[in-house]
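Numbering starts at 1 and runs along the sequence shown.
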Amino acid sequence: NRIYMDYNATTPLEPEVIQAITEALRDAWGNPSSNYIAGAKAKAIISRSRENVARMVGGKAEDIIFTSGGTEANNLVLQTAVEYFRRNQRAAERDEGNHNGCTGLPHIITSNVEHDSVKLPAEHLQRDGKAEVTFVPVSKVTACVEVEDIIAAVRPNTCLISVMLANNETGVIMPVQEICQRIKSLNKQREQLRILLHTDAAQALGKIRVDACELGVDYLTIVGHKFYAPRIGALYVNGPGARTPLCPMLFGGGQERNFRPGTENTPMIAGLGKVCATGIFTRNFYLLTDKIHFNSHYPSSDILPNTCNVSILGPTLQGWRVLSSCTRLLASVGAACHSDSENRPSHILLSCGVPTEVAGNALRLSVGRGTTKEDVDAVVEDLRKTVQLLEEIN
Ligand SMILES: Cc1ncc(COP(=O)(O)O)c(C=O)c1O
Ligand SMILES: O=C(O)CC[SeH]
């Protein structure tokens with residue numbers, strides 16, 4: 001029987017979460033905006049879930065905007081930053097004395113190892129001439145974005161810095177709190193527009209402690225299906241529309257205080273709220289200790305406790321070949337959304353300084369609450385036998 005070790009791609013639902021979803025489907029099918037019992041039940045579930053999600057990220061219920069997932073949440077942040085810049089630019093043009101730096105195009109700073117749902121909208125804005133973007137390369141020594149490099153990239157027209165809290169392939173945790181501290185000091189000295197701060201916490205939530213207020217971010221992306229919740233997301237915004245701008249990408253029936261209209265997906269919201277309320281994700285899991293070539297171990301960097309990106313070195317041991325030959329292990333060579341990359345080495349690993357031939361042999365093993373010590377032992381044995389077989393036949 002197969003052993004799943006691709007929890008960074010997605011995670012399974014526990015029975016109690018499926019039950020919460022099923023009950024919402026059965027008993028709270030009403031439109032949450034309807035003023036009768038079926039609607040009221042749905043509205044109550046959404047309100048309770050919002051409080052549970054807020055508690056999980058150290059925010060307040062009004063700071064939580066439900067979205068379809070992490071991709072929507074990340075796109076909403078980038079679109080908001082551009083619109084925020086434009087609105088201030090128009091204000092400055094009307095008020096000649098206003099020198100808020102909003103001249104030319106908005107400038108966004110991000111890293112070169114972000115998930116595609118940050119990388120591609122940023123590239124799209126750049127290609128369409130709607131924003132300037134600096135993709136700050138991570139250090140090839142630490143696989144982390146260096147704080148000084150982020151600070152050095154700031155321009156008068158910088159309006160957003162977006163750096164993921166933990167990378168989905170390497171598990172490396174980024175210095176988001178330090179970046180926010182430095183930028184908040186900078187914001188106090190700047191006459192120009194305040195620089196907004198975002199972190200995509202998709203891979204960190206459920207694995208390490210995440211507190212939006214301690215991090216100091218204005219926005220924090222939440223992705224349910226990375227921590228045993230269903231396929232739904234949310235965006236934490238520190239005082240949406242008040243302390244922090246939030247410009248809707250969609251327009252419609254006024255739900256989510258007009259920030260994200262559309263009749264709410266009550267069952268999925270119920271499932272997300274259930275996981276956040278019960279802390280289902282906080283069971284111990286094992287880190288693989290087998291020593292091969294670690295692609296996610298950098299002496300001065302922290303990494304997620306569940307992620308192990310390793311390469312088994314050898315000319316016939318490409319990651320895809322090893323995985324397709326394993327009899328029990330289910331894992332990936334990198335991000336699931338790059339699975340059609342025709343076995344090219346991960347650009348994330350190459351950006352982190354992993355040599356091409358090593359990156360080509362990468363296996364991303366991400367364990368989860370369902371992983372047992374016996375699973376780890378079995379996977380190590382599966383890999384050992386597979387490597388032996390591949391080296392014999394080639
Ligand atoms: C780091 C990261 N950000 C964003 C996403 C996108 O989330 P979603 O799949 O809900 O769109 C994912 C995973 O899919 C991810 O790993
Ligand atoms: O597999 C991952 O890293 C997330 C989905 Se692209």
Would you please say whether a donor-acceptor pair under 3.5 Å links the side chains of Gln19 and Glu23?
-> yes

Separation of Leu125 CG from Lys130 NZ (nearest 0.5 Å) | 7.0 Å

Should Val138 and Asp149 be marked as a side-chain contact (heavy atoms from CB on, under 4.5 Å) after you check the CA-CA gap, both sets of side-chain angles, and the distance that decides it?
-> CA-CA 9 Å; Val138 295; Asp149 293 346; over 6 Å; no

Just wondering, do Met249 and Asn75 contact through their side chains at under 4.5 Å, heavy atoms?
-> yes

Quick check: does any side chain N or O of Glu256 sit under 3.5 Å from a backbone N or O of Phe66, one acting as donor and the other as acceptor?
-> yes

Smallest separation among heavy atoms of Ala81 and Cys159, with atom names | O-SG, 3.7 Å

Over 12 foreign heavy atoms within 6.0 Å of CD, Glu392 = yes

Closest non-hydrogen atom pair, Val176 against Val163 | CG2-O, 3.7 Å

Between the CD atom in Glu264 and the OG atom in Ser33, the distance rounded to the nearest 0.5 Å is 5.0 Å

Measuring from Asp200:CG to Asn74:CG, what's the distance to the nearest 0.5 Å?
-> 4.0 Å

Residue set satisfying side chain to side chain contact (heavy atoms under 4.5 Å, CB included) with Ser47, at least two apart, ordered chain then number -> Glu51

Ile303 and Thr170: CA distance, side-chain angles, deciding distance, side-chain contact (heavy atoms from CB on, under 4.5 Å) verdict = CA-CA 8 Å; Ile303 68 168; Thr170 63; over 6 Å; no

Pair Glu83 + Arg90, salt bridge at N-O below 4.0 Å = yes

For the pair Ser296 and Arg364, evaluate side-chain hydrogen bond (donor to acceptor under 3.5 Å, both in side chains) and give the outcome as yes or no after the intermediate values.
-> CA-CA 9 Å; Ser296 49; Arg364 181 186 66 171; over 6 Å; no

Would you say the side-chain atoms of Ser111 and Glu114 include a donor-acceptor pair closer than 3.5 Å?
-> yes

Which ring-ring contact (aromatic ring centres under 6.0 Å, His included) pairs, counting each pair once, include a residue from residues 153-208, with sequence neighbours left out?
-> none

In terms of side-chain heavy atoms, does Ser311 have a donor or acceptor partner in Asn295 at a distance below 3.5 Å?
-> yes

Here the gap from Thr67 atom OG1 to Ile232 atom CD1, rounded to the nearest 0.5 Å, amounts to 7.0 Å

Would you kindly say whether Thr372 and Asp375 are connected by a side-chain donor-acceptor distance under 3.5 Å?
-> yes

Taking the side chain as every heavy atom from C-beta outward, state whether Met56 and Phe227 have any pair of such atoms under 4.5 Å apart.
-> yes

Pick one: which of Leu383, Val387, Thr386, Leu363 meets side-chain contact (heavy atoms from CB on, under 4.5 Å) with Leu317?
-> Val387

Ion pair Arg182/Glu148, N-O distance below 4.0 Å | yes

Flag, side chain of Asn157 to backbone of Leu105, donor-acceptor distance under 3.5 Å = yes

Within a strict 4.5 Å, meaning less than it, do heavy atoms of the Phe294 and Asn309 side chains meet?
-> no

Scan Val77, Asp218, Thr80 and name whichever one has a side-chain contact (heavy atoms from CB on, under 4.5 Å) with Leu160.
-> Val77

Check whether any side-chain heavy atom of Tyr84 lies under 4.5 Å from a side-chain heavy atom of Cys102, and answer yes or no.
-> no

Got a second to check how far Leu330's CG is from Asp382's CG, nearest 0.5 Å?
-> 10.0 Å

Apply side-chain contact (heavy atoms from CB on, under 4.5 Å) to Leu272 and Met268, showing your working.
-> CA-CA 6 Å; Leu272 178 62; Met268 294 301 108; over 6 Å; no

Interatomic distance, Asn167 atom CG to Thr307 atom OG1 [nearest 0.5 angstrom] | 9.0 Å

Does NZ belonging to Lys385 count more than 12 external heavy atoms closer than 6.0 Å?
-> no

Short side-chain donor-acceptor distance under 3.5 Å, Gln318 and Asn343 = no

Beyond-backbone contact of Cys352 with Val172, side-chain heavy atoms, under 4.5 angstrom | no

Pair listing, ring-ring contact (aromatic ring centres under 6.0 Å, His included) test, anchored in residues 317-353, at least two apart = His338-His347

